[in-house]
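Nothing here was measured: the structure is a model prediction, and the numbers come from that model.
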Amino acid sequence: MRRRYKTKLRFKQKKQIAIRFLIAVICGITILFLPQLWKKASHFAKNKLEFSKNISSISADFNQPDMDREIEREFSYLVGKAFNDESSAKIKTYFAQDKPFISDLSVKYNRFIGTLSISGKLEKPCAILEGEEKSYILSSGKIVRNSDFGDDFILVSCKDSCSFNSSFASFSKDLYSLSHKMGIEIDRILYDGKMKPLRIMLKDGSEILWGNYMFTREKIEKLIKVLKDSSSKIEGPVKADLRFFESGKIIVSKVK
């Protein structure tokens, strides 16, 4: 007759069972007291938020050190005051009126450390819009007034449908820069709306139907040659049509 023996658990197995039991007990206790812990944590967080309700510092980030310092000085009076909807509105109104060339404006308040962060993107002007009030066309196509960036930009004349996009702004900037480098004297851009041909007026009275915004350098190079050649055949200013430039055609005639 065989004898039965009870299998003895090894020490390692006993330890693992004990650890699992301890973890289960801790989890049970945690679940039991979780509501109270959450209540205390919420109360603590609320007290911290109340403690940091007032602004302790201003941080500006416009990727322009001079601008950053200017904005931090401008709103330094808010330090020590509570941040609320009114103070946020004042900041946004200031930028809308005094700094309309700032886009993607962000106003954020960190309640844990009390820092008011103001950031945005500084848009550069690409052209001057003709009119009684000096206005600029920014890189996004947005028109801004009440700002002075000087006069070193191409002039854009627009009577109706004066709505621009970033492509036009970039083209205006490139046209102005290239015309100076390549020696062609442009007086202004005549913009009659997105659906109408873009016209360029030269200082000698010649009118250029420009076409799309592509191949600006190539068009200027070809235009210089065409104008030089036509000067011996056509007296006075000419009208050059570059709308078929990509097909290898430029139509030149006398301005009527």
Side-chain angles (χ1 to χ4, degrees), residues 29-153 156 158 161-170 172-173 194:
I29 295 173
T30 301
I31 293 173
L32 182 64
F33 290 98
L34 186 60
Q36 296 181 14
L37 292 173
W38 176 255
K39 186 177 180 180
K40 290 183 178 180
S42 299
H43 181 70
F44 175 78
K46 184 178 179 181
N47 289 338
K48 293 296 290 183
L49 289 175
E50 290 295 330
F51 179 78
S52 301
K53 188 175 181 180
N54 291 343
I55 300 169
S56 60
S57 62
I58 307 293
S59 175
D61 183 11
F62 294 88
N63 203 27
Q64 297 283 337
D66 292 339
M67 174 72 73
D68 294 346
R69 287 191 289 270
E70 178 186 348
I71 297 305
E72 288 172 358
R73 287 195 301 269
E74 180 68 29
F75 294 105
S76 60
Y77 72 92
L78 292 175
V79 174
K81 298 181 179 180
F83 178 78
N84 49 36
D85 292 340
E86 183 181 352
S87 53
S88 178
K90 286 182 178 179
I91 295 172
K92 293 177 181 178
T93 299
Y94 166 81
F95 279 96
Q97 295 178 348
D98 292 48
K99 298 284 188 293
F101 47 86
I102 296 295
S103 63
D104 300 330
L105 180 66
S106 174
V107 180
K108 295 181 179 180
Y109 178 60
N110 189 320
R111 295 184 180 276
F112 290 99
I113 59 177
T115 298
L116 175 60
S117 300
I118 307 171
S119 62
K121 179 183 177 182
L122 178 63
E123 283 196 59
K124 295 183 179 180
C126 295
I128 293 179
L129 186 62
E130 185 180 33
E132 295 181 2
E133 183 182 8
K134 183 177 286 188
S135 305
Y136 296 88
I137 301 173
L138 300 182
S139 56
S140 64
K142 177 183 176 182
I143 300 172
V144 296
R145 298 171 177 83
N146 302 324
S147 300
D148 190 357
F149 296 100
D151 300 309
D152 193 19
F153 302 94
V156 176
C158 177
S161 303
C162 299
S163 176
F164 309 97
N165 55 29
S166 58
S167 297
F168 175 81
S170 179
S172 301
K173 183 179 179 180
K194 295 179 181 179

For Pro100 and Ala96, the nearest pair of non-hydrogen atoms, with its separation, is CB-O, 3.9 Å
Taking the side chain as everything from C-beta on, heavy atoms only, tell me whether Asn110 gets closer than 4.5 Å to Ser117.
no
Please work out which of the three classes, parallel, tilted or perpendicular, describes the rings of Phe75 and Tyr94, given edges at 30° and 60°.
perpendicular
Applying side-chain contact (heavy atoms from CB on, under 4.5 Å) between Pro125 and each of Leu138, Val144, Ile137, report the one that passes.
Leu138
dist Asp61:CG -> Lys121:NZ (nearest 0.5 Å) comes out at 13.5 Å
Are Ile118 and Phe62 packed together at the side-chain level, in the sense that at least one heavy-atom pair is separated by less than 4.5 angstrom?
yes
Reported CZ-to-SG distance for the pair Phe164 and Cys126, which is rounded to 0.5 angstrom
12.0 Å
How about Ser87 and Tyr109: do any of their side-chain heavy atoms sit closer than 4.5 Å?
no
Residues 85-105 vs salt bridge (charged side-chain N to carboxylate O under 4.0 Å, His left out), sequence neighbours excluded, gives Glu70-Lys99, Glu86-Lys90
Is the Phe101 to Phe149 ring centre distance short of 6.0 Å?
yes
Glu74 side, atom CD; Ile58 side, atom CD1 - distance, nearest 0.5 Å
11.0 Å
Lys173 atom NZ, neighbour heavy-atom count above 12 within 6.0 Å:
no
Examine distances only and state if a side-chain atom of Ser135 and a backbone atom of Glu133 form a donor-acceptor pair shorter than 3.5 Å.
yes
Side-chain touch Asp151/Lys134, heavy atoms, less than 4.5 angstrom:
yes
What is the minimum heavy-atom distance between Cys162 and Ile143, and which atoms define it?
O-CD1, 3.7 Å
Test item: Tyr136 and Ile128 side chains (from C-beta on) under 4.5 Å apart, heavy atoms:
yes
What pair of heavy atoms forms the shortest contact from Ile102 to Gly120, and how long is it?
CG2-CA, 4.2 Å
Would you check if Phe95 and Ile71 make a side-chain contact, meaning some heavy-atom pair closer than 4.5 Å?
yes
Between Ser140 and Glu123 the two heavy atoms that sit nearest each other are OG-OE1, 2.6 Å
Is there a side-chain contact between Leu122 and Asn63, using heavy atoms and a 4.5 Å cut-off?
no
Spacing of Asp68 atom CG and Ser119 atom OG [to the nearest 0.5 Å]:
9.5 Å
What pair of heavy atoms forms the shortest contact from Ala169 to Gly141, and how long is it?
CB-N, 4.3 Å
Heavy-atom pair with the smallest gap, counting every atom of Ser106 and Lys108
OG-CE, 3.5 Å
Spacing of Leu116 atom CG and Ile91 atom CD1 [to the nearest 0.5 Å]:
4.5 Å
